[in-house]
There are 2 protein chains.
Amino acid sequence: MSNTRPRGETFDQTDVDLLEYVENDFDVNLNVLSEELGLSKSAIHYRLEKLKDRGVIRGITADLDPVPFGLDMVALTEVSVTHEQGYSEDIGTELAAIDGIEQVYYTMGDVDFVTIVRVQDREQMNEVIDEIVGIEGVKETSSRFVMDEIKSTPRVVSVMSEEMKRVVQDGDR
Amino acid sequence: MSNTRPRGETFDQTDVDLLEYVENDFDVNLNVLSEELGLSKSAIHYRLEKLKDRGVIRGITADLDPVPFGLDMVALTEVSVTHEQGYSEDIGTELAAIDGIEQVYYTMGDVDFVTIVRVQDREQMNEVIDEIVGIEGVKETSSRFVMDEIKSTPRVVSVMSEEMKRVVQDGDR
DNA sequence: AATGAAATCGACCAGCA
DNA sequence: TGCTGGTCGATTTCATT
């Protein structure tokens, strides 16, 4: 389109392909990647290390299924706070520290925080909500139960449109 | 507490420790884990393979930082649909397929879906919203911008309280 | 930034508790 | 079934270009 100025950093095609691959599966031998991307094994390794150093790859993690742990009860909980002081940042940190709270977003608008809570049963859900309400400065909460997690394991490159990729792309190799 | 019947499967202390470790950092050599958990390299390897086979470990993935890609604009978008047919499931799938939509939850209550959208700029945000509205059966949307992602990379075991762990625990070794 | 060779580490096997 | 120790193959590292 018209705007080709890169926001953020730039990546070549190989990096984008490599990253899209490993963000879905890092349990690979380098031979496959090597052939797939047409580069030597050492070069793949070198690029991966550089991407780690740059902080693009924050880490390598095991993706766990919550279901075997009985963690199949999920709720989206909105949290409103009193706006007397600049407490908001602290309250966010406190929310993030509560067991069972998986994600915390600080939002604009009528509510201040949206959290995603994951627990094993209703009793634990009540406990989490009680903990939230117990935080100083929290005014009220409102929860919605999740009936189905249609897509719940965030990916970065895999979710980008071609246009989004174009914006951060630089050379072709 | 009173309820000690395990929901889901059971794990021993070593598995829980191992899983908590690798869900935050799988970029370790087995020697470190071996010492840390007081088990031989082979045993660690054996347990990891078994946990993969059981589906507890769904995969090994690279955790990417969205910021270097300029993906720093995030919104929580609620989607309401018409309730004439049993379309809901299909609509969820269609939402999940849209570029820029990172997470999709099917919820009870006044709205039907909550999505998390991640893009590079307002123009792309508009495009995503337009795509959502363009889905047949979608009635209306409502979006909130995220000002701060306080906690946005879901973890499973690391977020469990001691009580939650107790519920799925079995032997001590 | 990429290569090929050398050192290191992980995957696999047979045997054992 | 779960663990050990040892072997082989793969990966990481490094000197070189």
Side-chain angles (χ1 to χ4, degrees), chain A residues 6 8-65 68-69 157 165-166 168-173, chain B residues 6 8-65 68-69 157 165-166 168-173:
Chain A
E9 308 179 16
T10 57
F11 303 87
D12 63 17
Q13 183 69 45
T14 305
D15 277 339
V16 173
D17 292 344
L18 180 58
L19 288 167
E20 181 156 2
Y21 197 101
V22 298
E23 87 163 330
N24 289 301
D25 184 11
F26 208 147
D27 205 8
V28 288
N29 55 22
L30 295 188
N31 287 316
V32 177
L33 282 175
S34 192
E35 287 177 29
E36 202 124 347
L37 301 176
L39 225 61
S40 77
K41 289 195 294 183
S42 306
I44 300 285
H45 180 75
Y46 176 77
R47 280 173 178 263
L48 286 173
E49 284 306 306
K50 207 162 62 85
L51 288 164
K52 284 180 199 170
D53 288 343
R54 285 166 70 185
V56 176
I57 297 177
R58 285 191 290 214
I60 311 301
T61 60
D63 226 349
L64 306 187
D65 185 357
F69 299 93
V157 178
K165 287 178 185 168
R166 220 172 295 128
V168 295
Q169 237 161 22
D170 159 65
D172 56 356
R173 279 283 105 203
Chain B
E9 309 179 15
T10 56
F11 303 87
D12 63 17
Q13 182 70 46
T14 305
D15 277 339
V16 173
D17 292 344
L18 179 58
L19 288 167
E20 181 156 1
Y21 198 101
V22 297
E23 88 163 329
N24 288 301
D25 184 11
F26 208 169
D27 204 10
V28 288
N29 54 21
L30 295 190
N31 289 316
V32 177
L33 282 174
S34 191
E35 288 176 29
E36 202 123 350
L37 300 176
L39 227 61
S40 76
K41 285 198 300 182
S42 311
I44 301 286
H45 180 74
Y46 176 77
R47 280 173 178 262
L48 286 173
E49 284 306 305
K50 207 161 62 85
L51 288 163
K52 284 180 198 170
D53 288 343
R54 286 166 72 186
V56 176
I57 296 177
R58 287 192 288 215
I60 311 301
T61 59
D63 224 351
L64 305 188
D65 184 356
F69 299 93
V157 178
K165 288 178 184 168
R166 221 173 292 128
V168 294
Q169 235 160 20
D170 156 70
D172 56 357
R173 277 285 103 200

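Each chain gets a letter, A, B and so on, in the order its sequence line appears, and its residues count up from 1.
- Atom CG in A/Leu48 sits about 14 Å away from atom C1' in C/dA2, given to the nearest Å.
- Rounding to whole angstrom units, CG of residue B/Asn29 and P of C/dT8 are separated by 13 Å.
- Proximity of B/Leu37 to B/Tyr21: side-chain heavy atoms (C-beta onward) are nowhere separated by under 4.5 Å.
- At least one side-chain heavy atom of B/Val22 sits less than 4.5 Å from a side-chain heavy atom of B/Leu33.
- Set against D/dC3, D/dG2, D/dT13, the side chain of B/Ala43 has D/dC3 as its closest nucleotide.
- Phosphate contact (OP1/OP2 of D/dT4, side-chain N/O of B/Ser40, threshold under 4.0 Å): present.
- At least one donor-acceptor pair under 3.5 Å links the side chain of A/Asn24 to the backbone N or O of A/Glu20.
- At whole-Å resolution of the value, CG in A/Leu33 and C1' in D/dA10 are 14 Å apart.
- When distances run from any side-chain atom of A/Asn31 to the nucleotides D/dG2, D/dT11, C/dG10, the shortest one goes to D/dT11.
- As rounded to whole Å, 12 Å separates atom P of C/dT3 from atom CG of A/Leu37.
- Screening B/Asp15, B/Asp53, B/Asp17 against B/Arg47 for a salt bridge (charged side-chain N to carboxylate O under 4.0 Å, His left out) leaves a single residue, B/Asp15.
- Taking atom CD1 of residue A/Ile44 and atom P of nucleotide D/dT13, one finds them 16 Å apart after rounding to whole Å.
- Minimum atom distance to the side chain of A/Ser42 is reached by C/dA5, of the listed D/dG5, C/dA5, C/dG10.
- Contact between the side-chain N/O atoms of B/Tyr46 and the OP1/OP2 oxygens of D/dC3 is not found at any separation under 4.0 Å.
- Residue B/Ile57 holds its CD1 atom at 6.5 Å from CG of A/Leu64, rounded to the nearest 0.5 Å.
- Using a 4.0 Å heavy-atom criterion, one finds that B/Val28 contacts the sugar-phosphate atoms exclusively.
- Rounded to 10 degrees, the angle separating the terminal axes of the helix from C/dA1-D/dT17 to C/dA17-D/dT1 is 40°, with each axis obtained from five end pairs.
- Side-chain atoms of A/Glu36 and A/Val28, non-hydrogen and from C-beta on, never get closer than 4.5 Å to each other.
- The nearest whole Å value for the distance from the CG atom in B/Asp15 to the P atom in D/dG2 is 9 Å.
- Close to D/dT12, at under 4.0 Å from its OP1 or OP2, lies a side-chain N or O of A/His45.
- Looking only at side-chain heavy atoms (C-beta outward), B/Asn31 and B/Lys41 come within less than 4.5 Å of each other.
- Heavy atoms of B/Lys50 sit under 4.0 angstrom from primed sugar atoms or phosphate atoms, though from no base atom.
- Between the NZ atom of A/Lys41 and the C1' atom of C/dC9 there is a distance of 13 Å, rounded to whole Å.
- Rounded to an integer number of Å, the gap from B/Phe11 CZ to D/dG2 C1' is 17 Å.
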